[in-house]
Structures are given as C-alpha cells and as structure tokens.
There are 4 protein chains.
Amino acid sequence: MGKTERKERERKRRKDRILNAAISLIEEKGFEKTTMEEIAERAEFSKGTLYLYYNDKSSLFQAIKKRALKYLHDQFLQILQKDLPGAKLVHEMMITFLDLIHENATFTKAMMLYGKKSEQEVEATDGTIQEDCIQLENELLMLIVRSLQIGVQDGSINTKLDPKLLALQIGFQMNGMIQFCLTGSNKKGLQILDEKNMDLPDLMEQFLQTQFSQAG
Amino acid sequence: MGKTERKERERKRRKDRILNAAISLIEEKGFEKTTMEEIAERAEFSKGTLYLYYNDKSSLFQAIKKRALKYLHDQFLQILQKDLPGAKLVHEMMITFLDLIHENATFTKAMMLYGKKSEQEVEATDGTIQEDCIQLENELLMLIVRSLQIGVQDGSINTKLDPKLLALQIGFQMNGMIQFCLTGSNKKGLQILDEKNMDLPDLMEQFLQTQFSQAG
Amino acid sequence: MGKTERKERERKRRKDRILNAAISLIEEKGFEKTTMEEIAERAEFSKGTLYLYYNDKSSLFQAIKKRALKYLHDQFLQILQKDLPGAKLVHEMMITFLDLIHENATFTKAMMLYGKKSEQEVEATDGTIQEDCIQLENELLMLIVRSLQIGVQDGSINTKLDPKLLALQIGFQMNGMIQFCLTGSNKKGLQILDEKNMDLPDLMEQFLQTQFSQAG
Amino acid sequence: MGKTERKERERKRRKDRILNAAISLIEEKGFEKTTMEEIAERAEFSKGTLYLYYNDKSSLFQAIKKRALKYLHDQFLQILQKDLPGAKLVHEMMITFLDLIHENATFTKAMMLYGKKSEQEVEATDGTIQEDCIQLENELLMLIVRSLQIGVQDGSINTKLDPKLLALQIGFQMNGMIQFCLTGSNKKGLQILDEKNMDLPDLMEQFLQTQFSQAG
DNA sequence: GATGAATGAGCATTCATTCAT
DNA sequence: AATGAATGAATGCTCATTCAT
C-alpha cells in the first residue's frame with residue numbers, strides 16, 4: 001500500500017501550512033520583521049517543528065518565492081497551449097502576472113524581492129531551491145520568447161526587435177509594474193492612472209500594442 | 001556674521017560623512033547587515049554621535065534615498081535646460097539614470113528598495129524625509145512628462161499615448177532595468193544581451209525609439 | 001529453552017551497536033557536540049529507539065566509560081595470571097593502558113573525563129552504571145597494588161614505599177600521561193620527547209625503573 | 001593626566017568582576033551548565049555587557065584558564081628567585097600547585113580541562129588567549145626544568161634522568177594529582193591516603209624524594 | 001519493539017538606542 | 001558636541017526527550 005506516499009503527502013501538507021502562515025504574516029508585518037516564533041504560532045506548530053521542514057528562515061522564504069514562480073510557470077504553460085495568436089498569448093501571460101499581484105502581494109513580493117536584494121544578504125542556504133528558482137525564472141522568460149516568436153510568425157506581432165530583446169523589455173515593464181504595486185508610496189503614478197480612468201492591465205495592454213505594431 | 005551659517009555647514013558636512021560611511025558599508029555587506037556600530041566606526045564618530053545627526057537607523061537609510069533622488073533631480077533639471085529636442089531630453093535622463101546605477105549601486109538600491117518594501121517595515125520615523133522623498137519622486141516623474149510634452153510639441157516624439165501615461169511606462173521600464181541590475185541572478189537576461197552584443201543603455205535607446213515612433 | 005537468553009543477547013548486541021556509533025561520533029566531533037540524532041542515525045536506529053536502551057544521553061556516555069574500564073579490567077586480570085615477576089606485571093599493565101589510548105582515544109577520554117568533570121555536571125541518571133564504574137576503578141587500582149606486592153615479594157621491585165601509595169603514584173603518572181595524550185596543545189612536552197628520541201612507553205618504563213629501584 | 005590609564009584600570013576591574021562571577025558559577029554548576037545569563041546576573045551586568053569584555057563564552061572561559069596559568073607563573077618565578085637548593089625549589093613549586101587546587105578548584109579545573117578536552121570542542125575564538133596559554137604552559141614547564149638543573153648542579157638532586165624528562169614526569173604526576181582532586185569519585189584513592197595518614201602534599205614530597213635520590 | 005513527528009525550554013549572540021559624563 | 005559604557009529585548013536555532021501509532 002502507499003504508506004510512503006501518504007506520508008509524503010502529509011509532509012507536503014504540513015510544509016504548506018507553514019508556508020501559508022509565513023506568507024500571511026509577511027503580508028502583515030513585512031519580511032524581516034516576521035519571526036520564526038510567530039510563523040510557528042500561526043501554523044500551530046512549535047518553533048522546533050519548523051526546522052523539521054525548512055532548514056532555516058532563509059530557506060522558508062525562498063520556498064515562498066519558488067512557489068510563486070511555479071504557479072506562474074504552470075499558468076504560462078497552460079496559456080501557451082491555447083489556440084490563440086501570439087500577441088494574445090503574451091497579453092494573457094501579462095494579465096496573469098498582474099492578477100497574481102492583486103490576489104497575493106506577498107507572493108509576488110517574495111518572487112521579486114527576496115533573494116534579489118543583494119547577494120550578500122542572502123547566504124546560500126538551500127542551494128537546490130536557489131537553483132530551482134533561477135531555472136524557473138529562465139523558463140518564464142523563455143515562454144514569453146516563444147509566444148513572441150509565434151506572434152511574429154502568425155502576424156499578430158509586428159516588430160523590428162528580436163523576440164528575445166522584446167521579451168526582455170516586456171519583462172522589465174512587468175517588473176516595473178510590480179514594483180509600482182508593491183510600493184504604496186508612488187501617489188503621483190496612481191493619480192495619473194486615475195485621471196485617465198485606467199488601471200494597470202489597461203496600461204499593459206497599451207504598452208503591448210505599441211510594442212506589437214511598429215511601423216516597418 | 002555667519003556664525004550660525006558656518007555651524008550649519010559644519011553640521012551638513014558631518015551628516016555627509018556619516019552618509020558616505022553608511023553607503024560604502026551597505027555596498028559591502030548589504031542593508032540589514034550593516035550596523036550602526038560599523039557606520040560610526042567608518043565615519044570616525046562614536047556610536048552615540050550618529051544619533052545627534054539622525055534620529056534612528058531608518059532615518060539614516062532614508063537619507064541615503066533622499067540624496068539619490070536629489071542627485072537625480074538636479075541632473076534632470078540641468079538636462080531640461082539644454083537646448084535639445086524632447087526625445088533627446090528623455091533619452092539623456094534615462095542614460096543619467098542608468099549611469100547612476102553603474103556608478104553607485106547602493107545609491108540606486110536605496111532609492112528603489114528602502115522604504116518601498118512594505119509600508120509596515122518603514123515606521124514613520126522622520127516624517128520630513130519621507131515626505132521629501134515622495135515629493136522628489138513626483139517631481140522626477142513630472143520632469144519626464146515635461147520632456148515628453150516638449151518632444152511631442154517639437155515633433156521629435158511621435159506617440160498616440162498621453163505624455164503622462166508614457167512617462168509612467170518609461171518609469172516602469174527604468175524600474176525594471178534597475179531591478180535587473182541589482183539582481184545578479186538573472187543569468188538568462190544577461191545572456192540575451194550578450195548574444196545581441198548590447199548593453200542596457202542600448203536597449204533603453206531601442207525602447208525609447210519604439211515608443212517615440214508610433215505609426216499614426 | 002533459552003528464549004529469554006537469546007533475547008538478552010540480542011538486546012546486548014543492539015546496545016553495543018549504539019555504543020559503537022556513539023564512540024565513533026565522539027571521536028569525530030567531541031563529546032558535547034555529538035547529538036542523539038546523529039548517534040541514532042549511525043547506529044541505524046531511530047532516535048526514539050535509543051531511549052529503549054539507554055535512559056538518557058548521560059547514561060549512554062557513562063556506558064562508554066564503563067566499557068573502557070571493563071576492557072582494562074579484563075586485560076589486567078589476564079596479565080596478573082601470567083607467570084612473570086611483579087615488576088613486569090605492572091609494566092605490562094601500564095603498556096596496556098598506553099596502548100588503549102593510542103588505539104582508541106575516545107574510549108580513554110570517556111574513561112577519564114566523563115563523569116569526572118564535576119559532580120554537578122553528572123546528574124545521577126543510572127545509579128547502577130555509576131556504581132559499576134567506581135567499583136571497576138577501585139579494582140583496577142587494587143590489581144596494580146597486587147602486582148606491586150608480588151614484585152616486592154619476588155624481589156623484582158625494590159622500594160621503600162608502601163605498595164598502595166606506590167600504586168597511587170603510578171596511577172597519577174598514568175593519568176598525567178593520558179591527559180598529555182588527549183591534549184594536543186602541549187607542544188613543549190612533545191618536543192622534549194622528540195629531542196630525546198623517546199615515546200610515552202619509554203618514559204613510563206623509565207619511570208617504573210626509578211620507582212622500582214630505590215636505594216635502601 | 002592618566003585618563004586613559006584610569007579607563008584601562010576600570011576596564012580591567014570590570015573584566016575581573018565578570019571573571020569572578022563566572023568562576024564562582026562554574027564551581028557551583030559546572031562548565032557547560034553555566035550560562036552567560038547567569039554570569040551576567042552575578043556580575044551585576046546585563047547580558048549584552050559581557051560581550052563588551054569577552055568576545056564569546058569560549059573566550060571568557062579561556063580567560064579563566066589564562067588567569068590561572070598567569071598566577072602560577074608568577075608564583076614559580078618568585079620561587080625561583082629564592083636562595084634555596086634546586087630540590088627545594090621544585091618542591092615549593094609543586095606545593096604551590098597543590099595549594100592552588102585546594103584554594104580554587106575551578107581555577108585549576110579551568111586550567112586543566114578547558115581547551116584540553118578535545119580540539120574539536122574548542123573552536124579557536126580568541127587566538128591571542130589561546131596562544132598566551134600555550135606560551136605560559138611551556139614556560140611553566142621550563143621553570144621546573146631550570147629548577148631541576150639547579151638542583152643537579154648544587155647536588156640537591158641526584159638523578160640519572162635528563163632534567164627535561166624528569167620535568168615531564170613531575171608534570172605528569174602533578175596532572176594526575178589534579179585529576180584526582182577534581183574527581184570526587186575516586187574513593188579508593190582517598191581511602192588509601194587516609195589509611196596511611198597522608199595527604200597529597202605528603203605524597204608529592206615522597207614522590208620527589210624518590211625521584212631525586214636515585215642510586216648511581 | 002520501533003518509529004519519527006512534535007515539542008519547548010534553553011542558549012548564545014546581536015544591536016539599536018539611551019544617557020551620564 | 002561628543003563619547004562609549006550599558007542595556008535588554010529580540011531572535012534564530014538546537015536538541016534531549018516524549019508519545020501516539
């Protein structure tokens with residue numbers, strides 16, 4: 001019988017319980033100010049138990065990042081399988097991205113900030129997770145490249161740029177938007193969007209349109 | 001006589017000494033790992049003296065941010081005074097930005113990250129600095145808007161977008177590029193730039209060209 | 001049938017497996033730094049199982065000591081049965097001792113240090129083991145005394161001292177040598193031995209010769 | 001004026017206060033079981049203050065060892081300056097040693113045990129102290145060697161052994177006796193001394209007499 | 001008998017901040 | 001203005017031990 005299997009599933013469930021506790025706490029108090037003690041408390045585990053599932057605080061936080069990247073990766077893959085013009089594929093991917101931000105800021109925050117601050121601040125703890133994240137990030141970028149190539153081929157995208165460079169530009173735009181979202185402080189930006197009665201997805205759409213319809 | 005004046009100047013000089021010490025240390029060890037003790041040591045002050053000039057650690061770090069913003073603001077103002085087409089003004093501003101990153105990553109890091117992570121993590125310590133920063137950020141954005149308006153008017157910029165929205169997009173792109181720079185990990189992105197024999201300023205130029213030459 | 005017997009033997013074998021794991025680990029990492037977890041792992045038992053065989057960590061460590069003492073006791077007994085002059089008996093006993101150090105430092109370390117540091121540090125856990133050790137230590141001393149008495153009687157030992165006092169002195173010397181061995185730091189001592197081209201057994205022999213040939 | 005001087009003296013006094021607190025606590029509870037918290041409490045300092053004077057727990061403990069060695073070194077030097085036959089010099093040194101044990105067991109314990117257990121258990125923390133201790137230990141040994149040489153020359157010591165080797169043997173005996181003292185458990189040994197109405201200094205005297213009067 | 005998940009008290013260490021001088 | 005000794009709350013992490021299965 002699948003005894004080991006069940007065990008493994010149980011373990012996964014507990015790891016998730018901890019992850020969720022961590023995410024919600026980070027959402028409330030910020031990264032550095034969230035303590036292992038509190039995470040344990042919210043996950044209804046004892047402090048020591050946390051260390052049964054994650055080597056240390058750093059690993060726990062990186063696991064959040066990995067989860068976010070994995071989620072996005074899955075979504076991107078599903079989008080790619082749809083029978084849509086390339087331009088639309090890219091557009092859907094970006095919307096998915098922006099949705100994620102709205103639904104779960106911490107998730108996105110983790111994906112963006114943690115392990116990105118400065119290499120000195122993130123000591124390698126669990127090399128595997130670190131590697132996995134880099135791998136996922138690369139694949140995410142490549143999925144956008146693929147969609148762009150499809151778009152160029154099916155004529156839905158009209159650009160003078162190389163798909164890879166365009167993907168990079170789209171990635172930067174995405175990143176900038178995320179930063180914007182994670183930062184409440186940029187009042188002026190919000191005000192501009194308000195004035196024009198637009199939201200971020202609208203702006204993203206406009207951005208893509210500009211990029212995808214370059215005069216020859 | 002300018003006794004008070006001289007005093008004030010002296011004070012400013014000492015504040016700067018502290019700021020520089022902090023910046024160089026952060027560059028070496030990262031934000032959170034830089035201690036007041038070390039900053040004091042490098043600034044050749046005693047720990048207690050730091051508190052004579054900055055209310056607390058948070059204020060000190062925000063002051064770094066403010067300084068970066070101020071520097072940029074000054075640069076942008078000077079650029080705006082040049083007798084150049086609007087498109088070129090924007091371009092120069094962006095190059096100035098990218099230069100700053102290369103010259104002083106911490107500076108940029110401070111500007112981007114600190115006080116942006118999550119509002120919970122930045123307790124209001126020195127309201128004034130906080131306000132100043134927001135003000136500067138807004139003005140920075142508006143200086144880009146102005147340049148865009150000039151460009152539209154002088155015909156160097158051809159866009160269907162509202163200048164304010166375009167400024168926002170340019171800002172996002174800028175932000176994304178900074179993130180990219182501050183993050184060593186994005187190997188794929190670097191690889192793409194390498195392949196095409198391009199660097200970030202090149203990509204920025206391409207980006208602006210696309211934005212500024214939209215077919216009617 | 002010897003069902004209980006077999007069970008008992010099995011139990012003994014498992015206790016030994018644990019003991020050996022503990023000894024090898026202590027050898028590698030030192031006393032305090034060896035954890036029950038690691039011992040269990042190396043013994044290929046689960047952590048909980050250890051407690052089926054030893055009441056607690058302290059008991060486990062004392063068991064190591066006891067085993068060392070028992071080994072020596074057995075050796076001493078065998079030596080005593082040999083048809084040799086008393087002086088030679090003592091000499092062989094000491095050599096056996098020094099050999100043990102070289103062959104298994106942890107063993108000796110356990111015998112010397114553990115449970116000897118300070119009485120506060122060894123809470124009575126398993127009174128029996130504690131008692132057994134004291135008993136064995138006493139018997140060890142008495143076996144030396146017996147050998148000395150034999151030596152005095154057969155003329156191989158010429159001393160003005162009471163055999164018991166002499167045994168005590170020999171014991172002290174032994175102890176001192178063990179300390180010396182367990183301590184890598186005493187560079188000067190090693191250097192002296194080197195200079196004279198001697199090793200510890202040589203020095204012990206010299207020591208015994210001096211003790212055993214006192215002018216009337 | 002000696003402002004710096006006074007400061008330094010004050011600092012020394014505070015370091016001593018901490019050391020004394022540590023010694024008395026170790027005496028009561030044993031090495032490993034004494035916590036920094038308790039030491040701070042007894043020294044009437046806050047926990048953090050301890051770290052202003054000693055880098056870490058290990059350093060603090062090694063400082064105890066160093067103090068003991070220094071004390072002995074001073075005593076040995078004074079003895080050496082006395083106008084006495086060499087045999088008497090050695091004898092006085094040993095008595096000084098034994099006295100130290102009786103007066104301050106922890107002191108001696110520190111000197112003997114700490115940093116001697118096993119090299120794995122004592123990570124180098126404050127290299128200086130470590131070095132100082134080794135240096136002192138060597139000098140201690142050499143002072144005995146000098147006394148022996150004097151004794152051989154003035155005829156108070158009659159031995160076939162090389163002074164250095166003899167010093168080593170005396171050192172081992174000393175060590176053995178210390179072990180014996182630090183270990184309450186060796187009941188048999190105590191019983192023997194009792195029977196003969198002797199104490200450790202008596203036995204040491206006897207030991208030295210045997211060593212110093214070897215028939216040619 | 002064996003397991004291993006869970007515990008939670010315990011510990012060393014850090015560091016921003018204060019304040020008497 | 002400057003100091004730097006002192007603080008003490010806070011935190012990440014360890015590990016012997018227990019107990020339900």
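A, B, ... follow the sequence lines: proteins, then strands. Residue 1 opens every chain.
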I need the [atom1]-[atom2] distance between [X] and [N], as an integer number of Å.
{"X": "Ile18(B)", "N": "dA1(F)", "atom1": "CD1", "atom2": "C1'", "result": "12 Å"}
{"X": "Glu44(B)", "N": "dA2(F)", "atom1": "CD", "atom2": "C1'", "result": "14 Å"}
{"X": "Lys7(A)", "N": "dA20(F)", "atom1": "NZ", "atom2": "C1'", "result": "12 Å"}
{"X": "Lys57(B)", "N": "dA10(F)", "atom1": "NZ", "atom2": "P", "result": "17 Å"}
{"X": "Leu50(A)", "N": "dT14(F)", "atom1": "CG", "atom2": "P", "result": "12 Å"}
{"X": "Asn55(C)", "N": "dT18(F)", "atom1": "CG", "atom2": "P", "result": "10 Å"}
{"X": "Leu52(D)", "N": "dT13(E)", "atom1": "CG", "atom2": "C1'", "result": "13 Å"}
{"X": "Arg17(C)", "N": "dG1(E)", "atom1": "CZ", "atom2": "P", "result": "14 Å"}

* Separation of Lys66(A) NZ from Asp132(A) CG (nearest 0.5 Å) ->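 Going from the CG atom of Asp132(A) to the NZ atom of Lys66(A) covers 3.5 Å.
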* Are Arg14(B) and Ile18(B) side-chain neighbours, meaning at least one heavy-atom pair lies under 4.5 Å? ->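 No. Closest side-chain heavy atoms not under 4.5 Å.
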Using the side-chain heavy atoms of [X], tell me which of these nucleotides is nearest: [options].
{"X": "Thr49(A)", "options": "dA6(E), dA6(F), dT3(E)", "result": "dA6(E)"}
{"X": "Met36(C)", "options": "dA2(E), dA16(F), dA12(E)", "result": "dA16(F)"}
{"X": "Tyr53(D)", "options": "dA6(F), dA5(E), dA1(F)", "result": "dA6(F)"}
{"X": "Phe45(A)", "options": "dT3(F), dA6(E), dA2(E)", "result": "dA6(E)"}

* **Nearest-nucleotide 5' precedence on DNA chain F, Gly48(C) against Gly48(D)** =>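 It is Gly48(D), whose closest nucleotide lies nearer the 5' terminus.
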* salt_bridge(Glu38(D), Lys29(D)) N-O dist < 4.0 Å ->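 Salt bridge: yes.
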* Is a salt bridge present between Glu10(B) and Arg13(B), judged by a nitrogen-to-oxygen distance below 4.0 Å? ->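 Salt bridge between Glu10(B) and Arg13(B), a charged N being under 4.0 Å from a carboxylate O: yes.
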* Side-chain-base donor-acceptor pair under 3.5 Å for Lys47(A) and dG10(E) ->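 Answer is yes: a donor-acceptor pair is held.
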* Using both distances under 3.5 Å as the test, list the Watson-Crick or G-U wobble partner of dC13(F), or none. =>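 Paired with dC13(F), as far as the under-3.5 Å criterion goes, is dG10(E).
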* Watson-Crick/G-U partner (both atom distances under 3.5 Å) of dG8(F) ->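 Here dG8(F) is engaged in a pair, and the nucleotide opposite it is dC15(E).
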* Just checking Thr35(B): base, sugar-phosphate only, or nothing, at a heavy-atom cut-off of under 4.0 Å? ->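 Answer is sugar-phosphate: Thr35(B) comes under 4.0 Å of backbone atoms only.
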* To do: Just call it for Arg11(A): base, sugar-phosphate, or nothing, with non-hydrogen atoms closer than 4.0 Å on any strand.
  =>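 Result for Arg11(A) = nothing.
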* Using the closest heavy atom to pick a nucleotide of DNA chain E for each, name whichever of Ser46(C) or Tyr51(B) lands nearer the 5' end. =>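 By nearest-heavy-atom nucleotide position, the 5'-most residue is Ser46(C).
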* Listed by chain and number, what are the side-chain hydrogen bond (donor to acceptor under 3.5 Å, both in side chains) partners of Lys47(D), not counting sequence neighbours? ->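 Listed in chain order: Glu37(D).
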* So, is Arg14(D) close to the dA6(F) phosphate, meaning a side-chain N or O under 4.0 Å from OP1 or OP2? ->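 It does, given that an N or O in the side chain of Arg14(D) lies less than 4.0 Å from OP1 or OP2 of dA6(F).
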